[in-house]
Amino acid sequence: MGTVRPRISLVRLLEDVGTTVLNPVVGDPEAVEEIASVVIHDPDDDSPSTPDSMVLLVGITGGERIAESVAGLAERGVRVVVARVTTEVSDADRESIMSSGVVVLTLARGVSWVQLTSLLHSVLSARNEVGHIHSRGGGPAGDLFAFANAVSALLDAPITIEDRSSRVIAFSGRQEEGDGPRIATVLERQVPDQYIRVLEEAGVFDRLYRSDDPVWVSAETLGTKMGRIAVSIRAGDEFLGSMWVATGEPMSEDRMRALRDSAGLIALQMLRLRGGADAERRLRADLIATLLDGGTGAVDAMNRLGLGTGPALVMALGRRSFEGSSKPDDAAHVVRLTDALAMHLGAVHSQSAAALVNGTGYAVLSVRGHSPAEAELQAFRVASDFLDRTGASGDTIIGIGRVVTRPAQLSRSKRDAEHALEVLLAGRASGSVATFSSVHVDAILLEIASEAAAEGFSDLGPIEAIASHDAAHATSFVDTLDAWLNAFGDVGDAAASLHVHPNTFRYRLSKLKGMAALDLDDPNVRFRLMVHLRLRGPR
């Protein structure tokens, strides 16, 4: 059975997103009845656009270039495009676009393409989540965007609906009537940290947790142009989130009562959506687990995830451990970051899927149309950009497996990604992202070290004898040997790396040779020592 894709009319989508983000430039939005997907247009690639796709013309500006792109896309049946229209569209270009029947929308100044794709995916996902729920009162039950718009009309003010972590899960139109922080909150889908701190210090969250009554927060308290009215959304004793109204002054008792009543209705929809989202999350995790196991079931799982059957690779996400920090929230951290990675990939790499499997976050990326080297580089950039954007590059790490040509081989890419993750965890590679291709030798050394430890080989050899002497006499002969080998026998460079005088270094080296009877002129001895030092790893 095929997957039902979420669909929404262009007029309704523009109402949900608001003029803060998109505005029509050419064409009639009412003529477009269905939008089901978002596609980034690449002039050098055969973009997988369909008649119900909204196509983003990233990097294409100017009326003439937009008109040329529109003409080509119109031949494929595309009805809607989004571009940055920085100058007035000429009459000739406007006539050309009008004749194609394509609607051109402009992206508002200051809004990034990543923000736009995130918002559009959110709106479409909301449609997908509620498509099975029967309508009630003339509108689709469970549609939080519809509820936000209804409450906005009732209170005559823009609305946001937020979860327990102050992430925006739905919002009404008219957000352009709010102030700068409100617009930033909607675009980033998250209340900025500085305002969360202000609200915490003012006791706003405490009042929301304890009471169903709306809470007024003045503009002076927030340091903004407009104040806020917040009300908790709860089901019984469970706090689900909150609804926020941007307004210049407190509202009347009647409107406060309407706000409180609306929160009760929204709570019911949030519970329904959560149940559907949990089921969808479990299904996605099961499909990805099947895909990562490889074998005959991988092809079906890959198709059901919408990834096709072409070349793909696996990412593995984990958390770096620091000495002296137990990090009791490791599991919750990985869950949150895996969800965030799924959203990020949905915005920048549409043919991808991510889920938590056995405590590790995994993502599968379809890389059709790219060479293995190009695909790994692209995946490295996507992962690095994700960690930079989330501010998690300090303790969150991502390993990237090799590209495989068939779904059944994805288990190998999964092992590769896990090995790269282990190398990062062991501190054998710098940074927070590593491809298996770049650290495979370190992965081999880790395997050998693990095998050596299991067989009791780790305590053998001259290095361990020297290390025991260092421990007993507070000397640093292991470091001396390591520095000399790394400098290829250059005493000056080796001494500088340890910040000692070359004569001091020569003295230590002579003592070292006599202590372990090492023939450092023998290349085989030097090779064995270097391998042994690498097997020991950072100490």
Side-chain angles (χ1 to χ4, degrees), residues 20 110 115 118 144 148 151-152 155 157-172 174-253 255-257 259-260 262-264 266-267 270 322 325-330 332-333 335-337 339-340 343 388-396:
T20 308
Q115 289 171 332
S118 177
L144 291 181
V151 177
S152 173
L155 303 180
I159 301 294
T160 59
I161 300 173
E162 301 169 11
D163 66 10
R164 287 175 293 194
S165 300
S166 297
R167 291 188 293 261
V168 177
I169 57 176
F171 52 90
S172 71
R174 300 174 54 183
Q175 296 297 332
E176 68 278 3
E177 298 177 14
D179 48 26
R182 163 52 70 86
I183 294 173
T185 295
V186 170
L187 291 177
E188 296 295 336
R189 305 307 304 278
Q190 172 73 54
V191 178
D193 288 342
Q194 65 265 34
Y195 293 105
I196 291 179
R197 287 193 295 270
V198 169
L199 293 168
E200 287 175 342
E201 292 170 0
V204 174
F205 289 123
D206 286 339
R207 293 166 65 187
L208 287 174
Y209 295 150
R210 290 197 308 264
S211 173
D212 294 334
D213 294 329
V215 178
W216 164 251
V217 187
S218 68
E220 290 75 19
T221 299
L222 287 172
T224 55
K225 292 183 179 179
M226 301 180 71
R228 304 288 192 271
I229 298 174
V231 64
S232 63
I233 301 173
R234 65 177 75 248
D237 293 332
E238 182 182 2
F239 181 79
L240 301 177
S242 53
M243 181 163 50
W244 294 75
V245 186
T247 178
E249 57 187 18
M251 296 185 301
S252 67
E253 277 298 319
R255 289 190 172 183
M256 287 289 213
R257 191 179 306 110
L259 177 61
R260 186 168 53 246
S262 299
I266 289 174
M270 289 182 68
F322 294 97
S325 174
S326 60
K327 291 195 175 178
D329 65 334
D330 270 0
H333 175 88
V335 170
R336 290 193 299 270
L337 265 294
D339 287 344
M343 179 175 290
D388 288 342
R389 287 178 179 274
T390 56
S393 56
D395 61 356
T396 304

What's the shortest heavy-atom distance between Tyr195 and Pro181, and which atoms?
OH-CG, 3.1 Å

Could I get the full list of side chain to side chain donor-acceptor pair (under 3.5 Å) partners for Thr185, not counting sequence neighbours?
none

With sequence neighbours excluded, what pairs up with Met251 under the side chain to side chain contact (heavy atoms under 4.5 Å, CB included) test?
Leu155, Ile229, Arg255, Met256, Leu259

Can you list the residues that meet the side chain to side chain donor-acceptor pair (under 3.5 Å) rule with Arg167, with sequence neighbours excluded?
Asp163

For Ser166, which residues count as a side chain to side chain contact (heavy atoms under 4.5 Å, CB included) partner, sequence neighbours excluded?
Glu162, Gln190, Val191, Ile196, Phe205

Working to the nearest 0.5 angstrom, can you tell me the gap between Glu253 CD and Arg260 CZ?
7.5 Å

Looking at side-chain heavy atoms only, is the closest gap between Leu199 and Leu222 below 4.5 Å?
yes

Side chain to side chain contact (heavy atoms under 4.5 Å, CB included) filter on Ala219, not counting sequence neighbours, yields Thr224

Who passes salt bridge (Lys or Arg N to Asp or Glu O under 4.0 Å) against Asp206, sequence neighbours left out?
none

Those residues that, when tested against Arg257, pass side chain to side chain donor-acceptor pair (under 3.5 Å) (two or more places apart):
Asp254

Heavy-atom pair with the smallest gap, counting every atom of Met243 and Val151:
SD-CG1, 4.0 Å

Which pairs with one or both residues in residues 218-229 pass salt bridge (Lys or Arg N to Asp or Glu O under 4.0 Å), sequence neighbours excluded?
Asp179-Arg228

Could you pull out the closest heavy-atom pair between Ala263 and Ile233, with the gap in Å?
O-CG2, 3.8 Å

Applying salt bridge (Lys or Arg N to Asp or Glu O under 4.0 Å) to Arg207 and not counting sequence neighbours gives none

Applying side chain to side chain donor-acceptor pair (under 3.5 Å) to Ser232 and not counting sequence neighbours gives Arg234

According to side chain to side chain contact (heavy atoms under 4.5 Å, CB included), who are the partners of Ala170, at least two apart in sequence or on a separate chain?
Leu144, Phe145, Ile161

